[in-house]
Asks: 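Here's a structure for you.
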Amino acid sequence: MSYRRLIPNSPHHKIPVNVLGTLKGIKNQANPSFKTQTPSFLATNLIKSYFEKGLIKEARTLFDEMSERDVVAWTAMISGYASCKYYSNAWQVFFKMLRECGDRPNAFTLSSVLKVCKGMNSVSCGGLVHGLAVKYGLVGCLYVDNCLMDMYATCCSKMDDACAVFRDMEVKIPVSWTILITGYTHRGDGHGALRVFREMLMEKVETSPFSVSIAVRACTSIGSSTCGMQLHTTVLKCGFDSNIPVMNSILDMYCRCNLFSEARLCFYGMIQRDLVTWNIFIAGYEMSHPNESLYIFSQMGLEGFTPNSFTYSSIIAACANLAVLSCGQQVHGGILQRGLEGDLPLANALIDMYAKCGSIMDSCRIFSRMDRKDLVSWTSMMIGYGSHGYGKEAVTLFNEMVKAGIRPDRIVFVAVMGACSHAGMVDEGMSYFKSMTVDYKVPPSQEVYGCVVDLLGRSGKIEEAFELIESMPFKPDESVWGALLGACKAHGIPDLSKRVAQRVLESKPNVAGSYVMLANIFAAQGDWGDFARMRKLMRGTGKKKEAGRSWVEVRDQVYSFVVGDVIGPHILSAREVIELFGQHMQDETALNPDLDFLFHDSVCGASPCCKPNYADLMNI
DNA sequence: GCCGTAATCA
């Protein structure tokens, strides 16, 4: 047989161990049928071994050189390709098999092919295979049914079809239930997933660490800590609390539900933790308590864990939230040291961090050195430019992005329009607003409208902004009205302010901030009666506006303060900084005071400085 | 005899 040539002469490898084992085993048992073994049997064994070792071409050559191929050989080829994610090759083989193979596909074949359909995310191919399964009487076979369910649950989330298959199954095993629960969870239907899980418990089907942790994830996705806590007790009852991934999912649930004391109990109660445990804990604190996140990061190092890209992306975000440049630079040093600078999400996080820490040139440098950029990279850079007042640069970047063949989404438009707004580039901003619906067919959201109102408002086109809001295709929310109210306040337009005020109160009567802003507008007009009315209304809601907090970083320390703070050593530092700012502002504006700065935080034309040397940081 | 299913957390 010609394919036998491959075995002794192959330059790449020896005969796979298990084939040798099989041959040896047959010889040792003095199997009388050894000499009459079909070539297909040996070749199929070898095909499987080749795929397991990633020798895809060799498997194909061997298969092509086989003079006779039975259904098992064809199936081995299909499942081999599927295991390497070569789905289109697998599908081609299946199609060829239907034409050329004398045998019918069996249950093994169809379950492999269904996995291929799932991999291709093709419900039309899957439907075809379902038809064949019916034709050949293979529906009802456990593996085929499970694969059909999985294909429907994964491809386009056809959960109804997956449920129909599940309902008709005479025998359901725990795998069948897990497939269904996973399907619901992955399409974001946590309620559906939990319904099935509950049914599974009621039917006394055996649970596994897998099914439980998926159910926990379903709770997390719908933000139900009540269900999450019930599952925590289930985990303890089943003795799954020694399983790290299960406990990680519980920890993640507590963090995402903002139950930090429970999260701490869970974390410190874990006998064993892995890198994922630490990453979940760090990411959990990143948004609401970024300083705590940095502390946990330092503890993680002390316990001998090496951070990976997940760790760094949370830590970089924490530095960005705290706007602590020196810390961010040190973390960047760690990223370079571990050779993770090529990681796309990390590079994106660094762009954002440097921009938020005031070092836009570093954002630019990272952005320009990236080999690969995604939509997030471009958006982060545009947001950075916008917040620094570089409207023209943001516009240029947007055009470059489109030229690079990247399709803008709603968030990019918010970024570029926000940049235009901050830089006072009203016409450019408005042209993007038109272009997004006309040229790019991106429907505007509340956020987009808020952005346009802000754009018009900052340039004094208050009436136009008001008309735009009135013409919105959906009910404007408080962010849109808030943008207009801010503009009214800035430009001191009493009549319109009162009209807008009414709308704000109608749309969000329970937000203390709305009353405070309105009261201030009235105060600015000397309308003390309405001022008092607003303060009284606010007291009536029983809510208080959270004080706006500012912070400065001085000599490696972050100082936080509110208006009117008088006590504490940090106030002294804050005052020093404010005096410094005052001096800078005087120097900049002494000759040409620019009153536009009241409305735009534009710094166009100023050249950004900075540039820490990362080579030095490598040695930290 | 050789071929087949789900799979948790950042």
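So you know, we letter chains A, B, ... as the sequences are listed, proteins then strands, and number each from 1.
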Asks: Just compare B:dC2, B:dA10, B:dT8 and give me whichever is closest to any side-chain atom of A:V246.
Replies: B:dT8
Asks: Look at all strands and tell whether A:A107 reaches a base, only sugar-phosphate, or nothing, counting heavy atoms closer than 4.0 Å.
Replies: base
Asks: Rounded to the Å, how far apart are A:M287 CE and B:dA10 P?
Replies: 15 Å
Asks: Closest to the A:F310 side chain: B:dA10, B:dT8, B:dC2?
Replies: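 Nearest to the side chain of A:F310 among the choices is B:dA10.
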Asks: With a cut-off of less than 4.0 Å, is there a side-chain N or O of A:K48 near OP1 or OP2 of B:dC2?
Replies: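 It does not, given that no N or O in the side chain of A:K48 lies less than 4.0 Å from OP1 or OP2 of B:dC2.
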Asks: Which nucleotide in the set B:dT8, B:dG4, B:dC3 lies at the smallest distance from any side-chain heavy atom of A:A76?
Replies: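 The closest nucleotide is B:dC3.
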Asks: Please state how far atom CG in A:L148 lies from atom C1' in B:dG4, giving the value in whole angstrom units.
Replies: 12 Å
Asks: Check the distance between B:dC2's C1' and A:F51's CZ and give it to me in whole angstrom.
Replies: 14 Å
Asks: Can you check whether A:V276's main-chain N or O pairs, donor with acceptor, with A:N248's side chain at less than 3.5 Å?
Replies: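 Checked: no pair found.
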Asks: Would you mind reading off the distance between A:N146 atom CG and B:dA7 atom P, rounded to a whole angstrom?
Replies: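 In whole Å, B:dA7 P and A:N146 CG are 11 Å from each other.
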Asks: State whether the distance check finds a donor on one side and an acceptor on the other, under 3.5 Å, for side chain A:S112 versus base B:dG4.
Replies: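 Donor-acceptor pair under 3.5 Å: no.
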Asks: Which nucleotide in the set B:dA6, B:dT5, B:dT8 lies at the smallest distance from any side-chain heavy atom of A:I179?
Replies: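 Shortest atom-to-atom distance from the side chain points to B:dA6.
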Asks: Atom CG of A:N45 and atom C1' of B:dC2: how far apart are they, to the nearest Å?
Replies: 5 Å
Asks: Please pick, from B:dC3, B:dG4, B:dA10, the nucleotide with the shortest atom-to-atom distance to any side-chain atom of A:C141.
Replies: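 The closest nucleotide is B:dG4.
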Asks: Looking across every strand, which nucleic acid part, if any, lies under 4.0 Å from A:R273 by heavy atom: base, sugar-phosphate, or nothing?
Replies: nothing
Asks: Compare the minimum distances between each of B:dA7, B:dC2, B:dA10 and the side chain of A:D70, then state the nucleotide with the smallest one.
Replies: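 The nucleotide sitting nearest to the side chain is B:dC2.
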Asks: Between B:dA10, B:dT5, B:dA7, which one does the side chain of A:I280 approach most closely?
Replies: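 Closest of the options to the side chain of A:I280: B:dA10.
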Asks: Look at all strands and tell whether A:D145 reaches a base, only sugar-phosphate, or nothing, counting heavy atoms closer than 4.0 Å.
Replies: nothing
Asks: Using the side-chain heavy atoms of A:S79, tell me which of these nucleotides is nearest: B:dT5, B:dT8, B:dC3.
Replies: B:dC3
Asks: Using atom CD1 of A:I78 as one end and atom C1' of B:dT5 as the other, report the distance to the nearest whole Å.
Replies: 16 Å
Asks: Using ring-ring contact (aromatic ring centres under 6.0 Å, His included) as the criterion, list what pairs up with A:Y86, not counting sequence neighbours.
Replies: none
Asks: Should the pair A:F267 and A:F281 be assigned to parallel (<30°), tilted (30 to 60°) or perpendicular (>60°) ring geometry?
Replies: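 Taking A:F281 first and then A:F267, their aromatic rings lie parallel (interplane angle under 30°).
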Asks: Does the side chain of A:K118 get closer than 4.0 angstrom to OP1 or OP2 of B:dA6 through an N or O atom?
Replies: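 Affirmative; the distance criterion is met.
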Asks: Looking at B:dC2, B:dA10, B:dT8, which one has an atom nearest to any side-chain atom of A:V276?
Replies: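 Nearest to the side-chain atoms of A:V276, counting from C-beta on, is B:dA10.
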Asks: Nearest-Å distance, CE (A:M151) to C1' (B:dG4)?
Replies: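 In whole Å, B:dG4 C1' and A:M151 CE are 15 Å from each other.
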Asks: In this structure, how many angstroms lie between the C1' atom of B:dT8 and the CZ atom of A:R256, rounded?
Replies: 14 Å
Asks: Checking A:D252 side chain against A:C255 main chain: does a donor-acceptor pair fall under 3.5 Å?
Replies: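 No: the side chain of A:D252 does not pair with the backbone of A:C255.
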Asks: Should A:Y143 be counted as stacked on B:dG4, where stacking needs a ring-centre gap under 5.5 Å and an angle between planes under 30 degrees?
Replies: yes
Asks: Between A:E292 and A:R264, is the salt bridge (Lys or Arg N to Asp or Glu O under 4.0 Å) condition met? List the steps.
Replies: CA-CA 12 Å; A:E292 190 68 17; A:R264 291 180 82 84; 3.2 Å; yes
Asks: Does A:R195 count as lying over the ring of A:Y184, i.e. NZ or CZ under 6.0 Å from the six-ring centre, within 45 degrees of the axis?
Replies: yes
Asks: So what does A:D274 hit on the nucleic acid, given a heavy-atom distance under 4.0 Å: a base, only sugar-phosphate, or nothing?
Replies: nothing
